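Worksheet: one structure, shown below.
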Amino acid sequence: MPELPEVETVANGVNERVRGARIDAVTIGPHKEPLKSTPSHIEETLTGAKIEHVRRVGKTIVMDVKQRNKKPAQATIHLGMTGRLLVSQRDVPVPPHTHVNIHLHDGRDLRFVDPRRFGRVGIVDEGTTYEGPGKEPLTISADDFAALFKNRKIAIKAALLNQSLLHGVGNIYADESLFRAGIRPTRPAGKIKRAELDKLHASLQAVLKHAIKLGGSSVSDYVDADGVRGFFQLEHRVYSRTGEPCLDCGKPIEKIVVGGRSTHFCKHCQK
DNA sequence: CGCGGGCCCTGTGAGC
DNA sequence: TGCTCACAGGGCCCGC
């Protein structure tokens, strides 16, 4: 479901609500796919721990926890396509597809819900800090950004989606940043001139920051920790606008497949 | 090693 | 109204 702005919105919302809370117990569902660590490892790491902080790294939510007389530890939550992280009073019925339910001492639950089971919950190896697979899109410099694409033959859109290069960019923000930079998604990444990459770097950061301000994009049922929808979908210029007029030139937005994902662009405005 | 394609899942909505 | 089918914001794994 979510890309960087949506994950940031969820992580910040959950952080405000559960920071400092103590975990009494953890209930784990029957499905194995949503777990990156064994149920017992997750339970042992979290039970009795205090939640120090909840934050975002790439598209992953990182929960820093601390048990008395033990080293700090981290749980990671990746929302996949349809994952949600909900804070609810314990008497609120547990939704279907709840795979991990973290019971807080104050009577609330922190619930990981994911119908499609593409999401993952795990525990970071002891003694290591989760840093994610790639570079952080919001803070990467223009020089480092340009270096990512050097000599790469893959389409620039596919490169933007490659989480081991940049982590956090997904299908919506790849399309939107390429449109704003005037770059066609199919162009080989290594053949894009530095000036254009600088433009892409700027438009990607601008689009992500603007989307975070608006609480992310709500396509279908995405909501943040308070159940509030984001509003960036109203600002989409190409994503999911197939056949509609380009907001710059009026020609219809086209839809193709790049890197295995639907890709929206304006043939006239993106060279 | 880099890259493309298939696949993992369920829910939703477009179209018949 | 009701059914079928394509498609969905992600990413792993395989083979070439």
Side-chain angles (χ1 to χ4, degrees), chain A residues 1-11 29-37 56-61 76-85 95-99 112-122 130 132-134 137 148-179 185-191 204 207-208 210-212 214-224 229-244 255-265:
Chain A
M1 162 168 61
E3 306 181 32
L4 187 153
E6 293 78 34
V7 178
E8 173 104 7
T9 302
V10 171
H31 294 286
K32 287 186 177 168
E33 311 95 298
L35 308 179
K36 274 185 94 166
S37 306
R56 176 197 63 79
V57 177
K59 288 180 198 169
T60 298
I61 295 167
T76 57
I77 300 124
H78 194 294
L79 300 176
M81 293 273 265
T82 52
R84 294 193 192 186
L85 196 56
H97 310 293
T98 298
H99 305 297
F112 172 65
V113 183
D114 183 15
R116 271 178 92 178
R117 285 182 243 147
F118 286 178
R120 296 288 181 268
V121 172
Y130 182 78
L148 294 176
F149 307 111
K150 208 176 173 190
N151 296 330
R152 293 198 181 267
K153 292 174 187 160
I154 50 167
I156 182 65
K157 158 96 183 240
L160 285 173
L161 294 179
N162 183 339
Q163 302 295 297
S164 61
L165 298 178
L166 279 178
H167 57 205
V169 181
N171 212 26
I172 294 177
Y173 299 99
D175 281 3
E176 292 297 320
S177 60
L178 285 165
F179 174 79
T186 47
R187 280 178 61 193
K191 293 200 172 172
L204 176 62
V207 145
L208 293 172
H210 188 197
I212 290 169
L214 297 184
S217 297
S218 285
V219 180
S220 74
D221 63 348
Y222 162 78
V223 288
D224 73 5
R229 291 170 60 87
F231 290 97
F232 190 75
Q233 70 279 7
L234 302 174
E235 311 269 327
H236 292 176
R237 297 188 194 167
V238 286
Y239 183 79
S240 198
R241 292 195 64 244
T242 312
E244 292 176 39
K255 179 175 167 181
I256 58 174
V257 174
V258 179
R261 312 226 92 94
S262 64
T263 297
H264 314 76
F265 73 108

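Model, not experiment: these values are computed from the prediction. In what follows, chains are A, B, ... by sequence order, proteins preceding strands, each numbered from 1.
The phosphate of C/dA8 has OP1 or OP2 within less than 4.0 Å of a side-chain N or O from A/Ser262. The shortest distance between the side-chain N/O atoms of A/His97 and the OP1/OP2 oxygens of B/dC9 is not below 4.0 Å. Phosphate proximity of B/dC3 to A/Arg152: present, with a side-chain N or O under 4.0 Å from OP1 or OP2. Look at A/Lys153 and you won't find any side-chain N or O under 4.0 angstrom from OP1 or OP2 of B/dG4. Listed pair A/Lys255 / C/dA8 meets the phosphate criterion, a side-chain N or O lying under 4.0 Å from OP1 or OP2.
Judged by distance alone, with hydrogens and angles left aside, the side-chain atoms of A/Glu3 form a donor-acceptor pair with the main-chain N or O of A/Ile172 at under 3.5 Å. The backbone N or O of A/Ser217 lies less than 3.5 Å from a partner atom in the side chain of A/Glu6, making a donor-acceptor pair.
A/Leu79 places its CG atom 20 Å from the P atom of C/dA8, with the value rounded to the nearest Å. Rounding to whole angstrom units, NE2 of residue A/His78 and C1' of C/dC12 are separated by 11 Å. Per the geometry, CG belonging to A/Leu161 stands 14 Å off C1' belonging to B/dC3, to the nearest Å. In this structure, A/Arg116 atom CZ and C/dC12 atom C1' are separated by 14 Å, rounded to whole Å. When rounded to the nearest whole Å, the span between CG of A/Asn171 and C1' of C/dA8 equals 10 Å. Rounded to an integer number of Å, the gap from CD1 of A/Ile156 to P of B/dC3 is 12 Å. Rounded to whole Å, atom P of C/dG11 lies 11 Å from atom NE2 of A/His167. Put simply, CD on A/Glu33 is 8 Å from C1' on B/dC8, counting in whole angstrom units.
The two residues A/Ile77 and A/Phe112 come nearest to each other via the heavy atoms CG2-CD1, 3.8 Å. Of all the heavy atoms in A/Thr9 and A/Gly216, the pair that sits closest is OG1-N, 4.0 Å.
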> After noting the C-alpha distance and the side-chain angles of A/Tyr173 and A/Phe232, does the key distance pass the ring-ring contact (aromatic ring centres under 6.0 Å, His included) rule?
Replying inline: CA-CA 10 Å; A/Tyr173 299 99; A/Phe232 190 75; 5.6 Å; yes

>> The test is salt bridge (Lys or Arg N to Asp or Glu O under 4.0 Å); show your working for A/Arg84 and A/Asp114 and say whether it passes.
In response: CA-CA 6 Å; A/Arg84 294 193 192 186; A/Asp114 183 15; over 6 Å; no

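Residue A/Arg117 has its side chain nearest to B/dC9 when only B/dG11, B/dC9, B/dC3 are considered.
Nucleotides B/dG5 and C/dC7 have their P atoms positioned 16 Å apart, rounded to a whole Å.
Using a 4.0 Å heavy-atom cutoff across all strands shown, A/Gly170 reaches sugar-phosphate atoms only and no base atom.
Applying the salt bridge (charged side-chain N to carboxylate O under 4.0 Å, His left out) criterion to A/Arg116, with sequence neighbours excluded, gives no partner residue.
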> Please, what dot-bracket string fits DNA chain B when only Watson-Crick and G-U pairs with both distances under 3.5 Å count, crossing ones use [ ] and pairs to another strand use |?
Replying inline: .|||||||.|||||||

